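See structure below.
The model shown is predicted, which means the values in this text are computed figures rather than measured ones. FYI, the numbering just counts along the sequence from 1. Atoms considered below: every heavy atom in the structure, side chains included; atoms not considered: hydrogens, waters and symmetry mates.
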Amino acid sequence: MRDHIVIGSIPYDEACAQVGTDRYHRVYRAECNAFIGQLRRLFGPEPDGATLRIKSNSHDFGTYHEVVCDFDCDDPAAVEYAYKCEAETPAEWDDQAREQLTAAKVCSAM
């Protein structure tokens, strides 16, 4: 059986793109991709049975996006990876993510 756990759209002490703003669709993608890269730098690549990805969710103000870890509930390494990503989510962008967001001209990383 597969399940997923929500990690968030960005590190929890950072400002993120706001649903409904003009730049949201360009900014959220850059933020989520930078966040996935940072998680992989912190925790290593996903083991077999786990995948970091961007998930869309409906909201009254539009669709918002966040990073989730899909995992195979019967694979201990996949379960451990997913819960480690959630429990040890970073508070701030690392230098590489900041550089990536600055290059993409995403204001929340500056």
Side-chain angles (χ1 to χ4, degrees):
M1 181 174 91
R2 294 199 62 86
D3 199 357
H4 73 270
I5 191 164
V6 175
I7 310 302
S9 57
I10 61 169
Y12 60 85
D13 275 349
E14 299 286 354
C16 67
Q18 297 299 304
V19 174
T21 61
D22 293 339
R23 296 181 58 215
Y24 178 75
H25 288 286
R26 184 174 70 86
V27 175
Y28 90 79
R29 189 175 311 277
E31 288 177 343
C32 287
N33 284 324
F35 193 36
I36 288 171
Q38 183 170 342
L39 292 169
R40 288 177 177 150
R41 286 188 293 281
L42 280 173
F43 307 119
E46 301 95 317
D48 289 342
T51 304
L52 292 169
R53 69 176 178 89
I54 300 170
K55 182 177 184 309
S56 302
N57 300 287
S58 295
H59 186 275
D60 291 344
F61 298 110
T63 302
Y64 70 96
H65 304 80
E66 57 195 344
V67 174
V68 300
C69 186
D70 290 325
F71 61 95
D72 179 347
C73 297
D74 298 321
D75 184 330
V79 172
E80 180 180 353
Y81 185 88
Y83 280 93
K84 183 174 185 80
C85 286
E86 181 206 30
E88 298 178 26
T89 299
E92 298 177 341
W93 294 116
D94 66 10
D95 290 339
Q96 191 170 343
R98 282 189 189 283
E99 289 175 14
Q100 183 178 347
L101 293 169
T102 298
K105 296 181 171 65
V106 175
C107 62
S108 64
M110 297 178 211

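Rounded to the nearest 0.5 Å, atoms CD (Glu80) and SG (Cys85) are 10.5 Å apart. Expressed to the nearest 0.5 Å, how far OG1 of Thr63 lies from CG of Asn57 amounts to 8.5 Å. The CG atom of Leu101 sits 9.5 Å away from the CG atom of Asn33 when rounded to the nearest 0.5 Å. Here the straight-line distance linking atom CZ of Phe71 with atom OG1 of Thr51 works out to 11.5 Å at 0.5 Å rounding. Rounding to the nearest 0.5 Å gives a distance of 9.0 Å between CD of Glu99 and CG of Asp94.
Tyr83 and Leu39 fall within the same hydrophobic cluster, defined by Ile, Leu, Val, Met, Phe, Trp and Tyr side-chain heavy atoms under 4.5 Å apart, directly or through other members. In the hydrophobic clustering of ILVMFWY residues, with side-chain heavy atoms under 4.5 Å counting as a link, Val79 and Leu42 come out together.
Classification of Arg26 and Glu31 as a salt-bridged pair fails, no side-chain N sitting under 4.0 Å from a carboxylate O. With respect to the salt-bridge test (charged N to carboxylate O, under 4.0 angstrom), the residues Arg2 and Asp70 do not qualify.
Between Tyr28 and His25, the angle of the ring planes goes over 60°, which puts this pair in the perpendicular group of the 30/60° scheme.
Looking at heavy atoms from C-beta onward, Phe35 lies in side-chain contact with Pro11 at the 4.5 angstrom threshold. By the 4.5 Å heavy-atom criterion applied to side chains, Gln38 and Gln96 are not counted as neighbours. Side-chain contact check for His65 versus Arg29: every heavy-atom pair is 4.5 Å or farther apart. Pro90 has its side chain out of reach of Tyr12: every pair of non-hydrogen atoms, C-beta onward, lies at least 4.5 Å apart. Arg53 places none of its side-chain heavy atoms less than 4.5 Å from the side chain of Val67. Contact of the Ile54 side chain with the Glu66 side chain is not registered, since no non-hydrogen atoms from C-beta on lie closer than 4.5 Å. Side chains of Val68 and Ile5 form no contact here, defined as non-hydrogen atoms less than 4.5 Å apart. The side-chain heavy atoms of Phe43 and Glu88, taken from C-beta on, include a pair separated by under 4.5 Å.
No donor-acceptor pair closer than 3.5 Å links the side chain of Arg40 to the backbone N or O of Ile36. The backbone N or O of Pro76 lies less than 3.5 Å from no partner atom in the side chain of Tyr81, so there is not a single donor-acceptor pair.
Surrounding CG of Asp22 are at most 12 heavy atoms belonging to other residues, nucleotides or ligands under 6.0 Å away. Summarising the local packing, CG of Asp95 is surrounded by 12 or fewer heavy atoms from other residues, nucleotides or ligands at distances under 6.0 Å. In this structure, Glu86 places its CD atom where more than 12 heavy-atom neighbours from other residues, nucleotides or ligands lie under 6.0 Å away.
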Please report the C-alpha distance between Arg98 and Glu14 in whole Å, then the side-chain angles of each, then the deciding distance to 0.1 Å, and finally whether the salt bridge (charged side-chain N to carboxylate O under 4.0 Å, His left out) criterion is met. CA-CA 11 Å; Arg98 282 189 189 283; Glu14 299 286 354; 2.9 Å; yes
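The two residues Gly49 and Asp75 have their closest heavy-atom pair at CA-OD2, 4.2 Å. Nearest approach of Asp72 to Asp74, heavy atoms of both residues: OD1-N, 2.8 Å. Heavy atoms only, all atoms of each residue included: Ala30 and Ala104 are closest at CB-CB, 4.2 Å. A pairwise comparison of heavy atoms in Ile7 and Ala82 identifies CD1-O, 4.1 Å as the closest pair.
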